[in-house]
Amino acid sequence: LKKQVKWAGVIRNWVLVYLGNFVGALIAAAVAVYGGVLTGAGADWAVSLGAAKASLSFLPALLKGIGCNVLVCGAVWMASGADSAGGKAVCCFFPVMLFVASGFEHSVANMYYLPAWLMLRTDGALTEGVLAALGNLLPVTLGNFLGGAGLAAAYAFIDRE
């Protein structure tokens with residue numbers, strides 16, 4: 001917003017970070033599922049959580065994504081002003097705790113939960129599950145973008161010289 005970087009570089013960075021997060025989340029989900037971390041009640045919880053996320057319609061997923069990233073980016077913004085590691089941790093803890101407790105949606109967290117759900121499902125409906133997972137990731141990612149961009153724009157407006 002301050003025109004210190006080119007938009008092509010920003011978009012390239014977003015794509016690389018998004019893909020890197022997706023690959024990392026897939027690996028983590030596979031390790032958790034096939035490594036026996038998600039078994040019994042944990043597997044049941046992951047399946048119900050994934051099903052709930054995949055069943056969200058577009059607008060609620062979008063709004064939950066916006067709410068999430070306003071809090072997450074606010075946490076990062078506050079932490080950048082803290083001088084100590086403890087201060088940074090406190091600045092991050094409460095907004096992130098609020099986003100989790102509120103049931104907001106974060107695309108990177110969902111990149112873990114939705115594949116874990118797909119790996120644990122036993123109904124054999126993989127295509128429908130993948131489409132439902134993508135139907136969550138698209139609006140949540142867009143909402144995360146809008147929430148973060150809105151907060152960044154507000155900060156840029158406040159910080160203009």
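Owing to the predicted nature of the structure, the values given are computational and were not obtained by experimental measurement. Below, each value reflects all heavy atoms present in this structure, side chains not excepted, and no hydrogens, waters or symmetry copies.
With values rounded to the nearest 0.5 angstrom, L120 atom CG is found 11.0 Å from L49 atom CG. The distance from the CE atom of M78 to the SG atom of C92 is 7.5 Å, given to the nearest 0.5 Å. Distance check: K64 NZ to L59 CG gives 11.0 Å after rounding to the nearest 0.5 Å. For the atom pair C73 SG and L151 CG, the distance stands at 6.0 Å (nearest 0.5 Å). Atom CE of M111 is separated from atom CG of L137 by 6.0 Å, given to the nearest 0.5 angstrom.
Residue G67 comes nearest to F104 through the heavy atom pair C-CD1, 3.6 Å, listed as atom of the first residue, atom of the second, then distance. The nearest pair of heavy atoms linking A133 to A54 is N-CB, 4.4 Å. The minimum heavy-atom distance linking A32 with Y112 is given by the pair CB-OH, 3.3 Å. Shortest non-hydrogen contact noted between A52 and S55 is O-OG, 2.9 Å. Closest of all the heavy-atom pairs between A29 and A116 is CB-N, 3.9 Å. Closest approach of T39 and G36 over heavy atoms only: CG2-O, 3.3 Å.
When atom types are taken as modelled, the side chain of N21 and the backbone of V108 share no donor-acceptor pair closer than 3.5 angstrom. In this structure, the side chain of N13 does not engage the main chain of G9 through any donor-acceptor pair within 3.5 Å.
Transitive grouping of hydrophobic side chains (ILVMFWY, heavy atoms separated by less than 4.5 Å) brings F58 and I66 into a common cluster. If you chain together hydrophobic residues whose side chains sit under 4.5 Å apart, V33 and L26 fall into the same group. Connection of L16 to W7 is not established within any shared hydrophobic cluster, with ILVMFWY side chains joined at heavy-atom distances below 4.5 Å, either directly or through further cluster members. No continuous path of ILVMFWY side-chain contacts below 4.5 Å connects L62 to L56, so the two sit in separate hydrophobic clusters. When hydrophobic clusters are built by joining Ile, Leu, Val, Met, Phe, Trp and Tyr residues whose side-chain heavy atoms come closer than 4.5 Å, directly or via intermediates, L134 is grouped together with M119.
Note on residues 31-57: pairs passing salt bridge (charged side-chain N to carboxylate O under 4.0 Å, His left out), not counting sequence neighbours, are K53-E105. Residue pairs that meet the side chain to side chain donor-acceptor pair (under 3.5 Å) test with at least one member in residues 65-90, sequence neighbours left out, do not exist here. Applying the ring-ring contact (aromatic ring centres under 6.0 Å, His included) definition to pairs two or more places apart or across chains, those involving residues 8-53 are W14-F145, W45-Y113.
Side-chain contact between V72 and P95 is absent, with no heavy-atom pair separated by less than 4.5 Å. Counting only heavy atoms from C-beta outward, the side chains of V130 and L118 approach each other to under 4.5 Å. Contact check for R12 versus V15: no side-chain heavy atoms found under the 4.5 Å cut-off.
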